[in-house]
Amino acid sequence: MPPHPESWLRVTPQGLYCEPGGFFIDPQRPVDRAVITHGHADHARPGHEAVLATPATLAIMRARMGEAGAGTVQQPIRPGETLVQNGVAIRLVPAGHVLGSAQVVLDWQGSRAVVSGDYKRQRDTTCAPFEPVNCDVFVTEATFALPVFRHPPPEEETAKLLKSLALFPDRTHVVGCYALGKCQRLIRLLREAGWEAPIHLHGALATLCTLYETLGVPLGPLAPATVANKAALKGAIVLAPPSAVQDRWARRLAEPVVAVASGWMRVRQRAKTRGVELPLVISDHADWDDLNRTIDEVGAPEVWVTHGRDDALVHAMALRGIRGRALHLVGLGDEEDDAPQPEAAA
Amino acid sequence: MSVPAFAALLERLVFTPGRNAKLALLRDWFATQPDPDRGVGLAALTEELVFTAAKPALIRDLVAARTDPVLLALSHDYVGDFAETVALIWPQREGVNAPPPALSEVVEALELTPKAELPLLIAGWLDTLDSSGRLALIKLVTGGLRVGVSGRLARVALAEWSGQPVEEIEEVWHGVAPPYLPLFRWLEGAAEKPDPQEAPVFRPLMLAHPLEDADVAALRPAEWRAEWKWDGIRVQLTAGPGGRRLWSRGGEDVSGAFPEIIAAMNFHAVLDGELLVIRDGAVAPFADLQQRLNRKGVTARMQADYPVGVRLYDLLFEAGEDLRPLPFDVRRARLEDWVARIAPARMDLSAQIAFASVVQLSEVRDGARAASIEGLMLKRADSPYVAGRQKGLWWKWKRDPLSIDAVLMYAQRGHGKRSSFYSDYTFGLWRPDGAGGEELVPVGKAYSGYTDEELGWLDKWIRNHTTGRFGPVREVEKALVLEVIFDAAQLSTRHKSGVALRFPRIARIRTDKPASEADRLENLMGYVERRAPTDDATDG
């Protein structure tokens, strides 16, 4: 009988550790060997020795933390390729979260665990779509694991933004969005909706947009928002980190309509306390329905929940006879993705 | 159109802080929606239409039947608002291909459907809607829309959209009913202005300009009449065969909150006056009246504890006769005669103040320290009663504000244009801390009075001197003194300091003054007026 993943995949203070393979997945502190699911700062920390990740994730890590910070030894592995480490077969499979994001599929002695990292099932033309992989244990996130979180089609949300631009043609529409993934997805959605004018960027978003373009994701005309003058930004779309849209930086904008693109915008009070005038429910995480659908599709009898609303998800799984276990991994969901930042929450 | 269009409007209105933006959204609604939904939506927004057919318990039962109790509880706990939780958690049904209902359809069905069939009807509607549509529907059927669109704002939007003056819309507004088809036909130029006939309608109030020092010298006493400016709420009383109404300054119907006034209106006239809490002939501070405001209904206890009356300023109509074009002196004589004849309960005349010179009047103004008096009203003897604020006819001459030097304690960001600025300031005064030392106690909050430059300076100072953060609020070093001016100080049990300020605003930043030299609570207490003097005492 194959060993239960519990016996070879453990929760440690640094994060998930594959004992026979001798490596961590998304460790929170510097380690000798790390497998990284994607480039968001709460998953990809600097200072590891050997780093295994998709080529795109490694490129993102280098852009964000420099050549040295991204790992002394960087080993790219293409999605679908298999690498054997001390008898543990490692395969990276697209997670659909952001460019380069991957699930980690681990096979050891006939037993299989899949660590999802963060993922979504909605259409996103900036990255490869999520592929469900059958397994014995599925390790999932649960950022939006409450039945109140159901993300509408993102096209409806960008249509709201364009309608607002038509209604308030003299106001700058500034959209708070995170630098990695959300920003580029939003740009692609706007292009699909027919917005051909230059999209203005806060300086903090420029680097990754350039990198996305180099990696084969065209974004159309982009311009810095920093040097443009107030009048030129009338009726323009400006993208900025969520923490900047309402702070001093935003004073350069003409009567801005403040929008924020995030799954949290689904809850009114959350949007209101942040002073958001135009909430856009666009998320890079699976919503409640997609989390449950995915769990059913991978067919695992047991599911581990890394971070988020594990209480609701574990309860919902129990109702259908799936064994759920909350891992309470620390550090995840704290820094990027849709997590509200203290300043932005003001 | 239908509920989804209305839901989209609601959602934008709820999140939009700016008045101009709200007006733009409403104009767009009037321009793009068909009748009768256009008018039904307008009535729902301004709460002219309120439904109570469905109780929150009905919604609770509906959602309980379709969701797991644990997941519902966890969700409610997270979201906070129950209606919103239901709207978000409502399970979408596959294969529902009925179109969402029209607003007018919802309104009609709510009136016609027997109570027992309501749950099925509402559940059916919820199945056709998305989450924002569901939220709009739930709020609509349970009567809790609360979007912050006043009737006045809606009428301004109608005026901007149609090009008709807002005063004309005000005049017909209360003579038309949802879905306002004759109103829209008139505004679109397809019909004559609707005639309210005998229906009790609101007539836009005449307002006053503040008197500037430069204007004072030009005043010739013989041409002007003076009265106290009472600190209550301005109201209009309309009574006749068509009904009785009490209107607020902005044309909102506040009859429901003041049944004793309505009961006293057994006459046929339109009057202008000030609603006040009056005990034994003495006017109570505004804080007392505040207890009676923003309520739909009122208890007998409230009526006894906060007895209200109206001090009459003007007579607009007597029986069917429009007195508004007549000179003020003539209207005043008619008013005095009318009061003597009718002697309505709970109403008295606003006394006129005799004066021989501007200097004398100025002394009278400075001498009035009753908390219930804001200053003086000056009315030109020959002024007709005209809607709005026409320069040179009526002046308000507020008494000089009081002032204290207070210490900035907390700051909060503003809204809209000010959302990146710390623009709302809580300030405090010193008092003994009971242990031999001194402590600051907050006495008020101000968010105006400063210039743009001062706001920029304060914002920067606050960011550089923050000692703590509580959500949107920053606590700052107790080191900056602000000169705060205000119209009156009143005792208040709702404030920790025991005192509340009327219209506090920032007059100056006192960087020259150390915080330890700011005023003490007892200095402020010296300004408190517990009771207003009776008319005899102040009637100069």
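Here the structure is a predicted model, which means the values were calculated and not measured. A note on names: the letters A, B, ... follow the listed sequences, proteins ahead of strands, and every chain is numbered from 1.
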Check your understanding: Is it the side chain or the backbone of B:Phe470 that comes within 4.5 Å of chain A heavy atoms, both, or neither?
Key -> neither

Practice item. Name the option with the most non-hydrogen atom pairs under 4.5 Å to chain A; the candidates are B:Val70, B:Val79, B:Asp130. Key: B:Val70

Check your understanding: Considering only heavy atoms, which portion of A:Val258 lies under 4.5 Å from any heavy atom of chain B: side chain, backbone, both, or neither?
Key -> neither

Review point. Quick one: what part of B:Val86 sits under 4.5 Å from any heavy atom of chain A, side chain, backbone, both or neither?
Key: neither

Study note, to complete from the structure: Under 4.5 Å to a heavy atom of chain A? For B:Leu72 that would be neither

Review point. Should the ring pair B:Phe30 and B:Trp161 be called parallel, tilted or perpendicular, given that the plane angle runs from 0 to 90° and is split at 30 and 60?
Key: tilted

Review point. Looking at B:Tyr425 versus B:Tyr450, is the centre-to-centre ring distance below 6.0 Å?
Key: yes

Check your understanding: Heavy-atom distance under 4.5 Å to chain B: side chain of A:Arg251, backbone, both or neither?
Key -> side chain

**Study point:** Residue B:Asp459 versus chain A: region with a heavy atom under 4.5 Å
**Key:** side chain

Point to revise | Interchain contact, B:Gln412 with chain A, by part (heavy-atom threshold 4.5 Å) | key: neither

Exercise for review: Would you mind checking which part of A:Arg266 comes under 4.5 Å of any heavy atom in chain B, side chain (CB onward), backbone (N, CA, C, O), both or neither?
Suggested key: both

Exercise for review: Indicate, with yes or no, if the rings of B:Phe6 and B:Trp29 have centres closer together than 6.0 Å.
Suggested key: yes

Revision key, fill the gap. Applying a strict 4.5 Å limit to non-hydrogen atoms, the region of A:Trp288 in contact with chain B is side chain

Exercise for review: Establish, from distance only, whether the side-chain atoms of A:Arg121 and A:Thr294 form a donor-acceptor pair under 3.5 Å.
Suggested key: yes

Review point. Given a strict heavy-atom distance threshold of 4.5 Å, which part of A:Pro256 is in contact with chain B: side chain, backbone, both, or neither?
Key: neither

Point to revise | A:Trp264 and A:Phe149 aromatic ring geometry - parallel, tilted or perpendicular at 30°/60° bounds | key: perpendicular

Check your understanding: Between B:Tyr410 and B:Arg474, is there a cation-pi geometry (under 6.0 Å to ring centre, at most 45° from the normal)?
Key -> no

Review point. Are any side-chain N or O atoms of A:Ser283 and backbone N or O atoms of A:Ser262, one a donor and one an acceptor, separated by less than 3.5 Å?
Key: no

Review point. Is it the backbone or the side chain of A:Arg150 that comes under 4.5 Å from a heavy atom of chain B, or both, or neither?
Key: side chain

Point to revise | Within 6.0 Å of CZ in B:Phe82, more than 12 heavy atoms from elsewhere | key: yes

Point to revise | Any donor-acceptor pair under 3.5 Å from A:His307 side chain to A:Val305 backbone | key: no

Revision key, fill the gap. Max heavy-atom pairs within cutoff under 4.5 Å with chain A, candidates B:Asp81, B:Leu71, B:Leu135, goes to B:Leu71

Check your understanding: Which bit of B:Ala8 is near chain A, if near means a heavy-atom gap under 4.5 Å: side chain, backbone, both or neither?
Key -> neither

Point to revise | CD1-CG distance between B:Ile509 and B:Leu408, expressed to the nearest 0.5 angstrom | key: 10.0 Å

Point to revise | Interchain contact, A:Val267 with chain B, by part (heavy-atom threshold 4.5 Å) | key: both

Check your understanding: In terms of heavy-atom proximity below 4.5 Å to chain B, should A:Ala312 be classed as side chain, backbone, both, or neither?
Key -> both

